[in-house]
*Asks:* 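I have a structure I would like to understand better, so I am pasting it below and will then ask my questions one at a time.
Values below: every heavy atom of this structure, side chains too, minus hydrogens, waters and symmetry copies. In what follows, every chain begins at residue 1, and chains take the letters A, B, ... in the order their sequences are listed.
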Amino acid sequence: MSFRAKHLLGIEHLGPDEITTLLDLADDYVRLNRQQIKHGDALAGLTQINMFFENSTRTQASFELAGKRLGADVMNMAMQASSIKKGETLIDTAMTLNAMHPDLLVVRHPHSGAVNLLAEKVNCAVLNAGDGKHEHPTQALLDALTIRREKGRLHRLNIAICGDIAHSRVARSNILLLGKMENRIRLIGPPTLMPSQIDQFGVEVYEDMREGLQDVDVVMMLRLQKERMDGGFIPSEREYYHRYGLDAEKLGFAKDDAIVMHPGPMNRGVEIDGTLADDINRSVIQEQVEMGVAVRMAAMDLLARNQRATPQEVMV
Amino acid sequence: MTPKILTNLRLIDPEAGTETEGWLRIEAGRIAEIGEGHRDGTDCGSKVLAPGIVDIGVKICEPGERHKESFRTAGAAAAAGGVTTMVTRPDTLPAIDSPETLEFVNRRAQEAAPVNVVAMAALTKGRDGREMVEIGFLKDAGAVAFTDCDHVTTNNKVLSRCLTYARSLGALVMAHPQEPVMSSGAAVTSGKFASLRGLPAVSPMAERMGLERDMALVEMTGARYHADSLTTALSLPVLERAKAAGLDVTAGVNIHHLTLNELDVGDYRTFFKIKPPLRSEDDRKAMVAAVASGLIDCISSFHTPQDEESKRLPFEEAASGAVALETLLPAAMRLFHSGDLSLPQLFRALSLNPAKRLGLNAGRMEVGAPADLILFDPDAPFVLDREKLRSKSKNTPFDGQRMQGRVLATFVGGTCVYGDL
């Protein structure tokens with residue numbers, strides 16, 4: 001088996017073979033999830049703790065369900081309401097949890113790199129469920145699985161990622177993953193929402209959406225957060241929708257069989273037309289959610305296997 | 001004190017720009033005689049003798065944060081690192097903004113530090129950019145320069161009056177050139193690396209904008225001005241123009257910006273978080289070239305102790321700064337071994353220029369000068385272990401790195417304060 005990672009902190013340190021291994025296993029879990037009895041025992045007896053320092057409904061539910069379907073004991077910690085507010089540092093919180101011997105720690109944090117820091121201090125497997133503007137690896141993996149199942153392959157595709165690239169960890173993880181799998185990536189958005197020197201990541205950058213969507217196989221839309229719409233980054237919501245909102249007319253520039261993706265939650269009428277989002281012929285947004293559970297089951301399964309394979313250090 | 005003769009030396013004279021084999025006699029705390037060739041005395045095995053380092057911008061953390069650093073620990077670190085004069089920063093708690101707090105610093109320095117200590121004072125009360133300090137009284141009490149450190153005064157009216165008033169007393173103002181709105185919240189320099197890591201970033205252009213503003217005010221007021229640490233190639237033409245126009249302007253650079261670049265941050269290593277943030281490799285090379293040409297006058301450590309708690313945080317939240325009194329010389333030796341700078345060039349920037357700019361009788365290799373000298377082996381290799389640093393805080397970016405250059409002895413006023421000569 002070619003999946004060597006101890007933690008899943010980002011796509012950056014994964015090889016193409018590791019990505020393929022994970023997606024192959026996720027395919028198996030998609031089959032399991034579609035049966036009436038959805039139980040596996042890959043994580044039986046293991047403890048999974050979800051630590052979300054930032055609000056999340058969808059990702060947290062997806063991780064929780066993934067763990068439970070594989071038999072793990074899952075605990076959710078709402079970190080915003082807990083000891084962090086009492087002045088405890090991230091490291092102390094991590095050490096406290098570590099002492100309870102969890103096997104899998106799923107962490108979301110508002111600061112880039114915070115999950116890496118935490119992973120250094122605990123001796124269980126850590127999964128990054130999104131850190132600041134850095135990475136969101138399971139999102140990129142579920143997007144990849146969706147594309148692979150829809151398009152029959154995950155290489156040599158033209159893929160457009162549109163919207164607020166600058167503040168998006170989803171975009172970063174996707175750029176890294178799709179680049180490693182040898183696809184052509186186009187980034188579309190206003191220059192105020194592009195990270196600096198992003199052209200050096202082996203991507204093509206477009207400010208005109210119609211030009212950028214020309215002949216693409218996949219259109220990935222990103223969520224534009226409300227707080228970016230106040231005139232600081234873009235003039236207004238309606239001008240953004242006019243120039244960068246995905247509707248049937250703009251999608252007409254993409255290939256006829258191009259699929260439309262969105263990591264959710266959507267702002268209908270801001271970055272995507274509501275009717276288009278619901279169009280089952282083009283939109284794969286619901287499939288993405290389904291793939292999310294399978295990919296997270298696969299990720300936790302593989303990390304747990306690697307953990308069993310390495311002798312545990314005894315912490316005093 | 002008995003006269004001491006050191007022989008079999010490589011003598012560095014930064015003023016003449018020479019390195020000669022010879023000997024030196026210390027008497028009554030001063031350099032009494034310098035000669036070429038060999039003479040009976042303590043054989044120093046062909047090691048280098050140079051004027052001790054005059055380090056502008058050392059943070060001692062007294063008063064207010066003595067758990068991070070004290071005059072005793074910083075003094076020991078300085079002696080071991082070849083720094084014979086520490087020029088201390090006023091960004092303490094409270095700030096050094098009155099003759100009374102300055103007097104406290106002077107007294108603590110006297111009783112606890114084995115090297116020379118001269119203090120800088122704040123330019124505005126509480127370093128908050130509103131009211132100027134008692135520049136006259138503070139200067140009389142020994143303040144060698146006035147600076148609000150990394151607090152940039154945004155009110156140009158206040159700053160222009162401070163500069164005008166300082167000029168009337170011949171006081172040197174040291175500033176941190178930066179456009180503070182652009183750089184607020186930034187943890188790294190914008191660019192590919194910042195984008196990959198998803199960290200809040202600032203363009204180096206913010207430094208140039210700050211420097212251009214400052215140069216306009218210096219031109220307007222005629223003040224004596226020193227830029228604490230320039231870090232980007234973008235700033236250099238501005239500095240060059242100001243010097244060519246005859247403004248009384250000098251500039252320094254932080255040793256970390258000469259020896260490290262933004263990629264060293266790697267996987268969010270907070271010991272590499274400094275202010276301004278580390279720059280690109282192109283910027284680093286430009287700064288080294290500017291030291292070689294003399295456009296940049298001084299190299300400093302910007303010794304900034306931070307405790308473990310303030311560094312063991314997510315990168316954005318972690319404190320900025322690095323301890324560097326003990327690593328300044330070995331880090332500088334990287335530039336010597338790479339062939340970028342000669343030893344006389346290095347000591348011009350480490351010792352002679354800082355002393356000249358502050359009007360201190362130091363930094364010279366000449367008869368009659370105070371015997372503030374360091375004997376060191378520029379080749380001696382070692383692996384830096386941060387736990388062995390003398391500073392109370394151990395936040396060095398060089399931990400675990402292979403370095404070259406060890407101080408064998410440090411003399412302050414002819415007394416050996418480090419080593420056994």
*Asks:* How about residues 106-117 of chain A versus chain B: which residues have heavy atoms under 4.5 Å apart?
*Replies:* A/His109, A/His111, A/Ser112, A/Gly113, A/Ala114, A/Asn116, A/Leu117
*Asks:* Using a cut-off of 6.0 Å, state whether more than 12 heavy atoms not belonging to A/Glu182 lie near its atom CD.
*Replies:* no
*Asks:* Is there a side-chain contact between A/His134 and B/Tyr268, using heavy atoms and a 4.5 Å cut-off?
*Replies:* yes
*Asks:* A/Glu12 and B/Leu196: which non-hydrogen atoms are nearest, and at how many Å?
*Replies:* OE2-CD2, 3.7 Å
*Asks:* Ignoring hydrogens and angles, tell me if any N or O in the side chain of B/Ser195 forms a donor-acceptor pair with the backbone of A/Ser196 under 3.5 Å.
*Replies:* yes
*Asks:* Any side-chain heavy atom of B/Asp267 within less than 4.5 Å of one from A/His13?
*Replies:* yes
*Asks:* Please classify the contact of A/Glu135 with chain B as side chain, backbone, both or neither, using a heavy-atom distance under 4.5 Å.
*Replies:* neither
*Asks:* Whether the side chain of A/Gln197 engages the backbone of B/Gly191 through a donor-acceptor N/O pair (distance < 3.5 Å, no angle test) should be reported.
*Replies:* no
*Asks:* Where does A/Leu118 contact chain B at under 4.5 Å (heavy atoms): side chain, backbone, both or neither?
*Replies:* neither
*Asks:* Who pairs with B/His151 by side-chain hydrogen bond (donor to acceptor under 3.5 Å, both in side chains), at least two apart in sequence or on another chain?
*Replies:* none
*Asks:* Let me confirm one number: the CG-CG distance from B/Leu313 to A/Leu90, rounded to the nearest 0.5 Å.
*Replies:* 8.0 Å
*Asks:* For atom CZ of B/Arg213, decide whether the heavy atoms of other residues, nucleotides or ligands shown that lie under 6.0 angstrom number more than 12.
*Replies:* yes
*Asks:* If I take atom CZ from residue B/Arg197 and atom CZ from residue A/Arg172, how far apart are they, to the nearest 0.5 angstrom?
*Replies:* 11.0 Å
*Asks:* Do other residues, nucleotides or ligands put more than 12 heavy atoms under 6.0 Å from B/Arg269 CZ?
*Replies:* yes
*Asks:* For B/Glu309, is it the side chain, the backbone, both or neither that has a heavy atom under 4.5 Å from a heavy atom of chain A?
*Replies:* neither
